[in-house]
Amino acid sequence: MTEQQSITDTGETGMARTYRPADIEPRVYARWLAADVFAPDGIGSRADQSKPPFVIVQPPPNVTGALHLGHAARGTVEDLMIRRARMQCRPTLWLPGVDHASIAAQFVLDGVIAAEGETRQSLGRERYLERMWRFMEETRGVIRDQQRRLGLSADWSRERFTMDEGSAQAVRTSFKQLYDDGLAYRGERLINWCPGCRTSLSDLEVIATPETGTLWSVRYHLLPAEGADAAALVSAAEVEAITVATTRPETILGDTAVAVHPEDERYRALVGRRVRIPFVDRIVPIIADEMVDRAFGTGAVKITPAHDPADLETAQRHDLPIIDVMEDDGSINHLGAAFGGLPGLEARRRIVAELESNGDLVAASPHEMVIGRCQRSDDVVEPRLKVQWFIDVKPMAERAMKAVRDGRTRIVPKRYEKVFFNWMENIRDWNVSRQLWWGHRIPAWYCPDGHVTVSDKPEGPDACATCKLPAGDLRQDEDIFDTWYSSGLWSFSTLGWPEATDDMRRYYPGTVMETGYDILFFWVARMMMLGEWLTTREPFGTVLLSGLLRDPYGKKMSKTRGNVIDPLGVIDELGADALRFALVHGSGPGGDQRLGPSQLEGARNFGNKLWNAARFVLGSRPDAVPDGPLDLPVGGYLGPAEHWILARCARTVEEVEEAYRTFAFGEAARLLHDAIWNEYCDWYLELAKVRLSADDAQRRAGTWAVLTWVLDRYLRLLHPVMPHLTEEIWARLPHLTGDPDLLIVAGWPDAGREKALVDEAQARGVQGLIELVSGIRNARSEAGIEPGLWLPASLHITDPDALAAYGALQTAVERLARVRATLVGDRAQLDLIEGALTVLVRPGEARLARGGSDLIRERERLVKELAEADRMLIETEARLADQRFVERAPEAVVQGARDRLAELSERVERLRARVTA
RNA sequence: GGGCGAUUGGCUCAGUCGGUUAGAGCGCACGGUUCACAUCCGUGAGGUCACUGGUUCGAAUCCAGUAUCGCCCACCA
């Protein structure tokens, strides 16, 4: 058969020899769309509207982005949960959308227009925003298409955008409410300023970066004392100057005091004296303040209130002037004397040089410090004093914490609760003003007298709330909101809030909020605060936090490092289901995971394995089986192998259910992988092959019924992880009475039928035969016997269950072990065979005519087995000889040890007899 | 400075309530054209469960400490 033939050969089942995702996945997805099954009230929905809805809350991806592996991982987990809930016939809502991502989007667009020779400034606000909207239209569909290729079953009919009118109204209403509640306020505060982005940032957007800087010691000259007392206490040399330490010499220009500790003997006499600030010739006082650490630097601190939070507090305590010496771009302004107009770092260089040349630079030493950098642009963030909008989040944080304490919101894994509380307890006011253009304009208006009017109306206020000046005389705040403000409203703004809509009543609060732990504070915490405050409900019942994806070496994936895996490339090559399985299989709650080609190929191979198992099942349908619904045959048509696989199936259904229920999705995937591959394919399919060719038509039909039944169960359980493949296979199988046409809306399985039917003794018997076959294979392989060679064998089966099962499965056992077997009723008969391989397993013993084997290797194997059994026997004996163990351990454990002892004794005895024979 | 997590074969990870012989995938070695699948089948080698101490009849598992790695939070000039 040529390569071409083998690929196109679809056989009688109409299925290709390998699973081909590129053909199948888009077709399957189109069927779902056409059937309208994604929406909770879609035409194809089989939701039981009396059941509690299952609502996924998902952080919408950035509108300008492309789907990366993190998105794929998040989406897969979300989709998995929604699919399972859908199969449980709960009304399910997964509302998709994109985030306008103001600062990130501007960053991207600035790059795009730069290529066109434009800048934000050259376009101006209006044209820039027009350009942005056009850009949005181009990029907005990209993410959606990519999500669909991944197979995500979100309700696309409700797709939302954080810049749409619904969001805008939610922003206005919420802000008005927070303002009326006294939580939103406008004030002059030190904010984080990014000179590159020319906007303020919240604390979260500032990344603390350890760096080695320089600590300069600078001498400030004192003015002569006004009274005589000081001169009496200290010598003239000491009063000449005071030395301060700084890491930012350019801020000298904004100094308005020098501070020392009140109990510092070295400086006690200088408190109240005055110094001259270099370059600006400002005369400032020496003050005493507890904030000074006497042990650091020289123990004297220069106070620059406009550029340092601690200094500002000190200044306020001492009523000092506040002098801002910086422009928006980070350069020194006109207050910086000769340095005005210079970039900050250049000013620093020159100031240091001048200090050095005039002898006032006392020391310069390397200094380990932490510098705040902009999350987006990496620029050094400057503390600056600005009038902006803040939200007092403390009262909201209290409510959010209460939701967690009360158990109304559960964080999974639980260890993140601690992180959450720690952050919430130390939370500081949230600066929401951004000096950007792309985003929701702050709905605050100012009249010429400075009165503030906050309005929730789209057209703004009619008049000043204080002095009633008409709207025409009011001016709206130029700033926009922090992106995360509108994101934080997402879980309810998308349901129609502030209107009391049906959706709000039905789908709020959400069931599970799924996201990576990296945005716990940005998103989850803020959404919980805003949700609790504005809707008086917790926005979701469970927060499911996932880990980050790393490359096979544990490194973070990043474009610059070049180790990113493009999910779309994987989908093209291996299929969406393979990607999804690999992502789920390797994941644990809250833990990072590594992903590389080997995991992806493994997932692809698993899909192909299942595909081929299905191909076999479908192709082996006995002629006598009439068309009819899927059902289990009644007892008489089941053989031991059927009881075994049904017992295994029941167990798997329960274990997988438990794993899904506890968010252990990786575990669910592993359980299914093992059940399908190692039990269903490796053993049951092989055992079933013989019975499928039995003379008795009822037996053939019974076997096929079990084959299809178990496959059906596994397909249902696996569907949330590998939806396309399972849907495609399922379509070709007979269905239960009452099943829909599509697996996506078929019922979620339970193990009831199997458990009622299974004969455990028969199942155990098959387990024993599996051990026997494995033992024979092992002995053959160790002895170097050709795998294909049929050997005569004598079997003595002591386990009654295995013996009973053997009656029905002899042919299958012979085929799997590659032997022609004779069953002997008395073990002594085995010893009559000369020069044979010995197989000693729990359920019995076998002798294999040796064929071309090597007796020395056989003997080595037996000696090794004997040594191992003997070692374990001695261990067990010792344990049972310990009186304390027998007395204190639970009876079941002691009995287990006793049984084991008996088993091992017999094994050792028999092995010893064979070795010495 | 505070907090969290991890440490189990060469690699990546499971390991439930402490209880028989610590599992899997990849990789490796050996052997296979067994009529679903070479994206496959069979067999095997490979582990002082990071270290020290404690609790216990019994510890990979619980407790304390140590080491290494990773992450989060934090206004000392």
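The structure displayed is predicted, hence computed values, not measured ones. Just so it is clear: chains get the letters A, B, ... in the order the sequence lines come, proteins before strands, and each one is counted from 1.
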With the threshold set at 4.0 Å, does a side-chain nitrogen-carboxylate oxygen contact exist between [X] and [Y]?
| X | Y | answer |
| --- | --- | --- |
| D264(A) | R294(A) | no |
| E686(A) | K689(A) | yes |
| R732(A) | E728(A) | yes |
| R842(A) | E771(A) | yes |

Here the residues of residues 896-907 of chain A within 4.0 Å heavy-atom distance, strictly under, of RNA chain B are R900(A)
Can you tell if the side chain of E654(A) reaches within under 4.5 Å of the side chain of E658(A), non-hydrogen atoms only? no
Heavy atoms only, 4.0 Å cut-off, all strands: where does [X] land among base, sugar-phosphate and nothing?
| X | answer |
| --- | --- |
| E868(A) | nothing |
| E786(A) | nothing |
| R428(A) | base |

Quick one: sort the H673(A) and F606(A) rings into parallel, tilted or perpendicular, breaks at 30° and 60°. tilted
Counting only side-chain nitrogens and oxygens, does [X] get under 4.0 Å of the OP1 or OP2 atom of [N]?
| X | N | answer |
| --- | --- | --- |
| R594(A) | C13(B) | yes |
| N778(A) | G44(B) | yes |
| H585(A) | A24(B) | no |
| N605(A) | C40(B) | yes |

Generate the contact string for nucleotides 32-38 of chain B. Rules: B means base contact, S means sugar-phosphate contact only, - means no protein heavy atom under 4.0 Å. ----BBS
The reported gap from CZ in F581(A) to CD in Q599(A) (rounded to nearest 0.5 angstrom) is 11.5 Å
Would you measure the distance from the [atom1] atom in [N] across to the matching atom in [M] and give it in whole Å?
| N | M | atom1 | answer |
| --- | --- | --- | --- |
| G1(B) | C11(B) | C1' | 37 Å |
| U20(B) | G58(B) | C1' | 12 Å |
| C72(B) | C26(B) | C1' | 32 Å |
| C13(B) | U39(B) | P | 27 Å |
| G10(B) | G46(B) | P | 11 Å |

L672(A) CG to G25(B) P, in whole Å, measures 16 Å
Tell me whether the side-chain N or O atoms of D293(A) pair up with the base of C76(B) as donor and acceptor below 3.5 Å, since no angle test is needed here. yes
Got a donor-acceptor pair under 3.5 Å from the side chain of R777(A) to the base of U43(B)? no
Per-pair distances, 0.1 Å, donor-acceptor, side chain in residues 891-904 of chain A, under 3.5 Å, sequence neighbours excluded:
residue	atom	partner	partner atom	Å
Q895(A)	NE2	D899(A)	OD1	3.0

